[in-house]
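Here's the structure we're looking at; comments come further down.
Every value quoted in this text rests on a predicted model; they were computed, and no experiment measured them.
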Amino acid sequence: MKCQKCNKEATFHISELMGSEPKELHLCEEHAREYLNQSAIQGKMAGNLNAMLSQGLPQKISLNKAAKELQELDQQTCSICGISFHDLRSQGCLGCPHDYEFFGKQIDAFILNIHGVYEHTGKVPVRKSGNSQERMLLIKFRRDLDDAVQYEDYERASKLRDKINSLERELG
């Protein structure tokens, strides 16, 4: 990802919670330093940063140190597929299943940064959110009905037909 102020690689991704919506900035080291110094002068981030530091977070944040650590991390490559962490960050795709183990902690931080949580809860279409279990049951009943008819078990087939009709009425 490119810096929003120049064409250098963005190494700092800042989410600022001012107002009702978060503001995301993607900056290179030089512009991040400039932005943070400017914000500290204006007093917007200084209070929040000092509060975070006083709560037991690292005593000093050094942009140079962070940039060097990120640069070292970006150079690491998977021994199986050869993907570097830089490629992973820029493309958002893993090269092989081994990458989950090799980049374990970094991937966790990456996912948390993007999604805000570690665990994927999945998505359900809005129009069908309330009745997906019933629809799955309906499919199962229809398969069972086909089996019952094939084996000439008409008593079981009639019960399944009644269940299917009842469930279809519920679903509309």
Side-chain angles (χ1 to χ4, degrees), residues 1-5 7 9-28 32 35 44-45 48-49 51-52 55-57 66 69-70 73-172:
M1 184 173 284
K2 300 289 183 189
C3 175
Q4 291 176 329
K5 298 198 179 218
N7 283 330
E9 188 70 23
T11 55
F12 291 89
H13 307 282
I14 301 169
S15 295
E16 193 174 280
L17 299 174
M18 295 293 192
S20 62
E21 293 195 20
K23 176 182 169 185
E24 290 192 14
L25 298 169
H26 307 283
L27 304 170
C28 64
Y35 175 79
K44 289 182 180 177
M45 281 187 57
N48 291 340
L49 190 57
M52 287 179 4
Q55 292 175 359
L57 294 175
E69 287 177 5
L70 184 59
L73 184 59
D74 279 347
Q75 300 303 317
Q76 292 182 0
T77 58
C78 174
S79 58
I80 294 177
C81 68
I83 191 170
S84 68
F85 189 71
H86 178 267
D87 294 339
L88 173 73
R89 280 191 315 115
S90 60
Q91 297 170 4
C93 297
L94 298 170
C96 70
H98 180 259
D99 292 342
Y100 284 104
E101 294 173 24
F102 189 78
F103 297 116
K105 291 179 183 176
Q106 293 84 9
I107 289 177
D108 285 348
F110 190 59
I111 290 171
L112 184 63
N113 188 29
I114 292 171
H115 298 289
V117 293
Y118 290 115
E119 188 176 325
H120 178 68
T121 56
K123 292 184 179 179
V124 176
V126 175
R127 61 184 148 74
K128 297 186 180 192
S129 62
N131 56 16
S132 61
Q133 293 292 338
E134 289 87 0
R135 291 193 182 278
M136 292 299 291
L137 192 58
L138 189 60
I139 291 168
K140 181 190 178 305
F141 286 160
R142 286 183 179 148
R143 284 187 190 147
D144 291 347
L145 176 63
D146 289 341
D147 289 343
V149 170
Q150 183 179 5
Y151 291 111
E152 298 180 3
D153 187 356
Y154 299 115
E155 188 175 323
R156 182 168 173 252
S158 67
K159 289 179 184 177
L160 287 167
R161 181 201 60 215
D162 294 341
K163 286 182 181 181
I164 290 170
N165 289 336
S166 171
L167 195 52
E168 284 178 338
R169 277 193 300 271
E170 280 182 36
L171 294 173

Please report the shortest heavy-atom distance between [X] and [Y], naming the atom on each side.
X: Glu9; Y: Met1; value: OE2-N, 3.0 Å
X: Cys93; Y: Leu88; value: O-CD1, 3.4 Å
X: Leu145; Y: Ala157; value: CD1-O, 3.2 Å
X: Ala148; Y: Arg156; value: CB-NH1, 3.9 Å
X: Ile107; Y: Leu94; value: CD1-CD2, 3.6 Å
X: Leu27; Y: Cys3; value: CA-SG, 3.7 Å

Once side-chain hydrogen bond (donor to acceptor under 3.5 Å, both in side chains) is applied, do any residues pair with [X], and if so which ones, sequence neighbours excluded?
X: Gln106; value: none
X: Arg143; value: none
X: Ser158; value: none

Using side-chain heavy atoms (C-beta onward) and a distance below 4.5 Å, is [X] in contact with [Y]?
X: Leu137; Y: Phe141; value: yes
X: Thr11; Y: Asp74; value: no
X: Arg169; Y: Asn165; value: yes

Report, as yes or no, whether the 6.0 Å neighbourhood of atom CD on Glu155 holds more than 12 heavy atoms from other residues, nucleotides or ligands.
->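 Atom CD in Glu155 is not crowded, with 12 or fewer foreign heavy atoms closer than 6.0 Å.
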Tell me, please, which residues at least two apart from Arg161 pass salt bridge (Lys or Arg N to Asp or Glu O under 4.0 Å).
->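 Once residues adjacent in sequence are excluded, Arg161 has no partner under the salt bridge (Lys or Arg N to Asp or Glu O under 4.0 Å) criterion.
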Considering residues at least two apart in sequence or located in another chain, which fulfil the salt bridge (Lys or Arg N to Asp or Glu O under 4.0 Å) criterion with Asp144?
->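 Asp144 satisfies salt bridge (Lys or Arg N to Asp or Glu O under 4.0 Å) with Lys140 once adjacent residues are dropped.
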Taking atom CZ of Arg135 and atom CG of Leu167, what is their separation to the nearest 0.5 Å?
->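 Between atom CZ of Arg135 and atom CG of Leu167 there are 9.0 Å.
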What's the spacing between Ile139 CD1 and Met136 CE if we round to 0.5 Å?
->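 So the gap between those two atoms works out to 5.5 Å.
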Pairs touching residues 82-101 that satisfy ring pair (Phe, Tyr, Trp, His ring centres under 6.0 Å), sequence neighbours left out =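 For residues 82-101: Phe85-Phe103.
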Okay, side chain of Asp87, backbone of Ile83: is any donor-acceptor separation there less than 3.5 Å?
->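 Between the backbone of Ile83 and the side chain of Asp87 there is no qualifying donor-acceptor contact (under 3.5 Å).
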